[in-house]
Amino acid sequence: MIAAPLAMAAVIGAWAGLAAIGWALLYLPHLPAGFVHGAGIPQRGDFAEALYISLVTLSTVGFGEIVPAHPVLRLVVALQAVTGFGLLTATVTWILQTYPALNRRRALAHQLNLFREAAGPAGVLSLDPRHAAGLLESMAGNVALVSIDLLAFHETYYFREVEQRGSLPATVAYAQELASQALRSESPELQFAGRMLHAALDALADVLRGKFGHSGTTSSDVFDSYELHHRHLRRRNPATD
């Protein structure tokens with residue numbers, strides 16, 4: 001549950017750490033002669049001082065007690081400040097883009113659970129075919145969005161849901177059941193919606209197989225592996241067991 005957030009924090013920390021060390025190595029040969037130190041600031045001229053200058057500049061804090069004297073160094077420090085601002089922006093953007101993708105996956109899982117509870121054992125066959133077709137087409141679109149999210153934001157795969165109700169690995173098999181029920185219907189609209197949902201689920205299985213190493217020759221096998229990897233037991237439907 002916490003592995004993915006910790007991994008993201010580690011990546012961000014690695015970005016910042018490597019950037020700070022790299023710029024510090026550029027400053028080190030020019031210490032202390034290339035910098036002007038404020039009153040009372042010791043001129044150490046070692047790597048610790050270079051790293052301090054680098055961190056202060058990268059974070060765009062710029063305390064000003066140690067400033068570059070040479071014009072070229074001034075340009076270098078300004079360039080690092082720009083990259084530091086870019087690093088901060090990239091970090092915030094990454095986080096803000098990750099959580100909407102997680103919410104879309106959770107929303108699909110909740111949608112499937114709500115459908116299961118409302119429709120009962122008969123599933124889509126208990127509904128008006130046109131209404132059921134619209135619901136399944138909406139589900140197909142949501143499944144396609146999840147596939148795109150997994151391709152665009154690989155890290156979201158490693159976020160595990162504690163509650164099964166919000167876990168797509170624990171509920172995606174029910175979507176397959178609904179698609180199969182639709183294909184058995186006599187309604188052309190519902191059959192078409194079932195084919196759409198099946199195609200969307202097959203595409204999701206291809207993403208899980210190709211990007212995350214899940215084995216299986218069929219989509220059902222891939223989803224079983226997906227469910228097992230996220231440590232959820234499938235909620236069985238008594239009507240189909």
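- Phe212 pairs by the ring-ring contact (aromatic ring centres under 6.0 Å, His included) definition with His154, Tyr157, not counting sequence neighbours.
- Sorted by first and then second residue, the pairs that involve residues 24-48 and meet salt bridge (charged side-chain N to carboxylate O under 4.0 Å, His left out), not counting sequence neighbours, are Arg44-Asp46.
- For the side chain to side chain donor-acceptor pair (under 3.5 Å) test, no residue two or more places apart in sequence or in another chain qualifies with Thr57.
- When all heavy atoms are compared, the tightest approach of Asn113 to Gln164 is ND2-O, 4.1 Å.
- Between the NE2 atom of His214 and the CG atom of Asp206 there is a distance of 13.0 Å, given to the nearest 0.5 Å.
- Listed by chain and number, the residues in a ring-ring contact (aromatic ring centres under 6.0 Å, His included) with His70 amount to none (sequence neighbours excluded).
- How far OG1 of Thr89 is from CZ of Phe85: 4.0 Å, rounded to the nearest 0.5 Å.
- Taking Thr156 as the reference, nothing meets the side chain to side chain donor-acceptor pair (under 3.5 Å) condition, with sequence neighbours excluded.
- Under the 4.5 Å side-chain heavy-atom criterion for grouping Ile, Leu, Val, Met, Phe, Trp and Tyr, Leu127 is connected to Met139 within one hydrophobic cluster.
- Here the CG atom belonging to Leu151 is positioned 6.5 Å from the NZ atom belonging to Lys211, to the nearest 0.5 angstrom.
- Within the structure, salt bridge (charged side-chain N to carboxylate O under 4.0 Å, His left out) contacts touching residues 7-22 (residues at least two apart or in different chains) do not occur.
- Residues meeting the side-chain contact (heavy atoms from CB on, under 4.5 Å) test with Ser147, sequence neighbours left out: Leu204, Val207.
- Rounding to the nearest 0.5 Å gives a distance of 11.5 Å between CD of Glu177 and CG of Leu197.
- Pairs engaging residues 83-109 under the salt bridge (charged side-chain N to carboxylate O under 4.0 Å, His left out) rule: Arg104-Asp149, Arg105-Glu161, Arg106-Glu161 [sequence neighbours left out].
- Partners of Ala133 according to the side-chain contact (heavy atoms from CB on, under 4.5 Å) rule, which considers only residues two or more places apart in sequence or in another chain, are Glu189, Leu190, Ala193.
- Residues satisfying the side-chain contact (heavy atoms from CB on, under 4.5 Å) criterion with Ile41, sequence neighbours excluded, are His37, Glu65, Ile66.
- In terms of heavy-atom proximity, His198 sits nearest to Ser180 at NE2-OG, 3.6 Å.
- The structure places CZ of Phe153 at 12.0 Å from CZ of Phe159, a figure rounded to the nearest 0.5 Å.
- Distance check: Trp23 CH2 to Leu58 CG gives 9.0 Å after rounding to the nearest 0.5 Å.
- Under the 4.5 Å side-chain heavy-atom criterion for grouping Ile, Leu, Val, Met, Phe, Trp and Tyr, Leu102 is connected to Met8 within one hydrophobic cluster.
- The shortest non-hydrogen separation linking Gln43 to Pro32 is OE1-CB, 3.8 Å.
- Side-chain contact, Ser219 with Gln176: no donor N or O sits under 3.5 Å from an acceptor N or O.
- Listed by chain and number, the residues in a side chain to side chain donor-acceptor pair (under 3.5 Å) with Gln191 amount to none (sequence neighbours excluded).
- In the hydrophobic clustering of this structure, Leu108 does not group with Leu145; members are Ile, Leu, Val, Met, Phe, Trp, Tyr whose side-chain heavy atoms approach within less than 4.5 Å, directly or through other members.
- By the side-chain contact (heavy atoms from CB on, under 4.5 Å) test, Ala175 pairs with Leu112, Leu201, sequence neighbours left out.
- Cluster membership for Val76 and Leu31, using ILVMFWY side-chain heavy atoms within less than 4.5 angstrom, is shared.
- Between Gly166 and Ala109, the shortest heavy-atom distance links the atoms C-CB, 3.6 Å.
- Annotation for Ser126 and Ala119: closest pair OG-O, 3.4 Å, computed over non-hydrogen atoms.
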